[in-house]
> 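Dropping the structure in here first, questions after.
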Amino acid sequence: LCLVAAAVAWFQYGLPRYRLYHEQQYTLEAQEFLAKRDFPRAMLRSRQVLALNQTNAAGIRIYADLAEMAGSPYALFWRQKLAALIPDTTNRLALAKTSLRAEGFPFPSATKALNELEPAAKQTSTYHLVAGELAIKLNNLPVAEQHYLAAFRLNPEDPVNRMSLAVIQLQSANPKLIADSRTTLELLRGDKQVGLVATRWLVAECIGRRELARAEALSWQILTNAQIAFSDRIVHLAILNSAKSSRFEEYLREVQKHAEEDVFYVGELAAWMNRFGYARAN
């Protein structure tokens, strides 16, 4: 009888507390591993958390973050799950951002998440940045400019707001606005937070104006950045190709070596080479 009573007490009181303890411990460790960029262990701990409690918000959030870092379409699923579980401003904006990267036109999840925000949440620069990006994706540049201008007015010191407004105003028909936008992007090149992105936009703008020498010089600066992406190498390769540069063949071989690091890089390079007729020759 004592053994039976002890077993019943364990299942009624001990086991739930035991599971709760491990859930909290695994959640804490998952967050620590994610902060340390130890992604495999963060994934393992998150999986263990959700095995204990499928509605653990921290575990779902880490799954969503990891999926987004990996460029996985499952990021949208986890963001939707989290926003359904805790439909607050943070989760709805995160869902909208993920939708713009993982969902196809016309990005219904982003539209729905933004429309469901409380009026007060729509008076923040974060909201206007996401809404502006959605407007760009929907090819509505005037609306995008209105949102980026609102974000800038709410927080003019934020370099992200300054850069976003400058980028959209590069499309303006007003020569002064275009010149001011270029100046802003040039100034932001030295910013730790957005400097790399600002330089990429300047490269794109120079390519559009066929200022290939300037584009090459700016692109080369990007290649020296520790946060370089493989796509930056492709852009530099494209600039050398357009400029008929004598350095093109040598740099192509260098990019091919870098492509061996990841199968996705191989696909990206192969697509570019096929597009410009270099696939057969190389």
Side-chain angles (χ1 to χ4, degrees), residues 37 39 65-73 75 97-98 100-102 129 132-133 136-137 144 148 158-171 178 181-279 281-282:
R37 302 185 67 81
F39 301 137
D65 290 343
L66 291 171
E68 194 153 3
M69 290 176 188
S72 170
K97 290 178 184 178
T98 301
L100 294 174
R101 288 155 180 75
L129 287 176
E133 186 177 354
I136 289 176
K137 294 277 189 177
Y148 288 143
D158 190 329
V160 175
N161 296 341
R162 294 168 59 199
M163 183 185 69
S164 299
L165 181 60
V167 167
I168 198 68
Q169 289 183 339
L170 279 176
Q171 318 303 319
I178 295 174
S181 297
R182 289 176 189 152
T183 301
T184 298
L185 291 175
E186 287 285 355
L187 292 172
L188 288 173
R189 283 176 55 205
D191 185 89
K192 292 181 180 180
Q193 183 179 356
V194 301
L196 180 61
V197 179
T199 306
R200 285 173 178 152
W201 278 111
L202 283 170
V203 169
E205 203 260 342
C206 287
I207 292 173
R209 289 189 288 134
R210 300 296 297 174
E211 294 182 2
L212 297 181
R214 174 65 172 160
E216 182 181 346
L218 290 170
S219 178
W220 176 251
Q221 292 177 14
I222 292 175
L223 297 182
T224 63
N225 192 294
Q227 297 179 339
I228 178 179
F230 188 75
S231 57
D232 293 318
R233 301 185 191 279
I234 296 293
V235 169
H236 193 75
L237 191 64
I239 293 170
L240 295 179
N241 181 56
S242 297
K244 309 297 182 186
S245 172
S246 59
R247 295 184 293 276
F248 173 78
E249 292 292 341
E250 179 183 355
Y251 189 68
L252 174 58
R253 289 191 292 271
E254 183 179 331
V255 175
Q256 287 172 326
K257 289 181 180 178
H258 283 290
E260 295 172 0
E261 300 171 2
D262 192 304
V263 65
F264 293 105
Y265 296 168
V266 174
E268 190 174 351
L269 177 59
W272 185 88
M273 293 177 66
N274 186 59
R275 178 183 174 189
F276 289 94
Y278 290 102
N282 294 275

> Mind running side chain to side chain contact (heavy atoms under 4.5 Å, CB included) on Leu129 and Ser164 for me, showing each step along the way?
CA-CA 8 Å; Leu129 287 176; Ser164 299; 3.6 Å; yes
> Checking Tyr148 side chain against Glu133 main chain: does a donor-acceptor pair fall under 3.5 Å?
yes
> Quick check: closest heavy atoms across Ala198 and Met163, and the distance to 0.1 Å?
N-SD, 3.7 Å
> If you take all heavy atoms of Ala144 and Ile136, which pair is closest and at what distance?
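Closest pair (atom of Ala144, atom of Ile136, distance): CB-CG1, 3.6 Å.
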> Is Thr199 reaching over with its side chain to a backbone N or O of Gly195, donor-acceptor style, under 3.5 angstrom?
yes
> What's the separation between atom CZ in Arg247 and atom CD1 in Ile239, rounded to the nearest 0.5 Å?
11.0 Å
> Any sub-3.5 Å donor-acceptor pair from Thr224's side-chain atoms to Gln221's backbone N or O?
yes
> Are His236 and Tyr251 an aromatic pair, judged by ring center distance below 6.0 Å?
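Yes; His236 has its ring centre under 6.0 Å from that of Tyr251.
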> Could you state the interatomic distance from CG (Leu252) to CG (Asn241), rounded to the nearest 0.5 Å?
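Between atom CG of Leu252 and atom CG of Asn241 there are 9.5 Å.
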> Quick one: salt bridge (Lys or Arg N to Asp or Glu O under 4.0 Å) pairs with a partner in residues 194-208, sequence neighbours left out?
Arg182-Glu205, Arg200-Asp232, Glu205-Arg209
> Once you round to the nearest 0.5 Å, how far does OG of Ser246 lie from CG of Leu240?
9.0 Å
> To the nearest 0.5 Å, what is the distance between OG (Ser219) and CD1 (Ile234)?
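It is 11.0 Å, given to the nearest 0.5 Å.
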> Would you sort out whether Arg189 and Glu186 count as a salt bridge (Lys or Arg N to Asp or Glu O under 4.0 Å), showing the intermediate values?
CA-CA 5 Å; Arg189 283 176 55 205; Glu186 287 285 355; 3.0 Å; yes
> For the residue pair Tyr265 and His258, what are the closest heavy atoms and their distance?
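In terms of heavy atoms, the two residues are closest at CD1-O, 3.7 Å.
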> If I compare all heavy atoms of Glu68 with all of Ala75, which pair ends up nearest, and what's the gap?
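Reported closest heavy-atom pair: N-CB, 3.6 Å.
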> Please work out which of the three classes, parallel, tilted or perpendicular, describes the rings of Trp272 and Tyr278, given edges at 30° and 60°.
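Taking Trp272 first and then Tyr278, their aromatic rings lie parallel (interplane angle under 30°).
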> Taking all atoms of both residues into account, what is the closest heavy-atom pair of Ile178 and Gln169, and its distance?
CG1-O, 4.0 Å
> Is the number of heavy atoms from other residues, nucleotides or ligands within 6.0 Å of CD (Gln227) greater than 12?
no
> What heavy-atom pair brings Ile222 and Ile228 nearest, and what distance separates the two atoms?
O-CB, 4.0 Å
> Could you go through the salt bridge (Lys or Arg N to Asp or Glu O under 4.0 Å) check for Glu260 and Arg253 one step at a time?
CA-CA 11 Å; Glu260 295 172 0; Arg253 289 191 292 271; over 6 Å; no
> Using modelled atom types and a 3.5 Å cut-off, is there a donor and acceptor pairing between side-chain atoms of Arg101 and backbone atoms of Lys97?
yes
> If the test is side chain to side chain contact (heavy atoms under 4.5 Å, CB included), which one of Leu185, Leu188, Asp158 qualifies with Val194?
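By the side chain to side chain contact (heavy atoms under 4.5 Å, CB included) criterion, Val194 pairs with just one of Leu185, Leu188, Asp158: Leu188.
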> Using modelled atom types only, decide if a donor and an acceptor are shared between the side chain of Ser72 and the backbone of Ala67 within a distance under 3.5 Å.
no
> Go through it in stages, so that I can follow the logic: the residues are Cys206 and Glu216, the test is side chain to side chain contact (heavy atoms under 4.5 Å, CB included), and I'd like the CA-CA distance, side-chain angles, deciding distance and then a yes or no.
CA-CA 9 Å; Cys206 287; Glu216 182 181 346; over 6 Å; no
> Check step by step if side chain to side chain contact (heavy atoms under 4.5 Å, CB included) holds for Val235 and Ile207.
CA-CA 10 Å; Val235 169; Ile207 292 173; 4.2 Å; yes
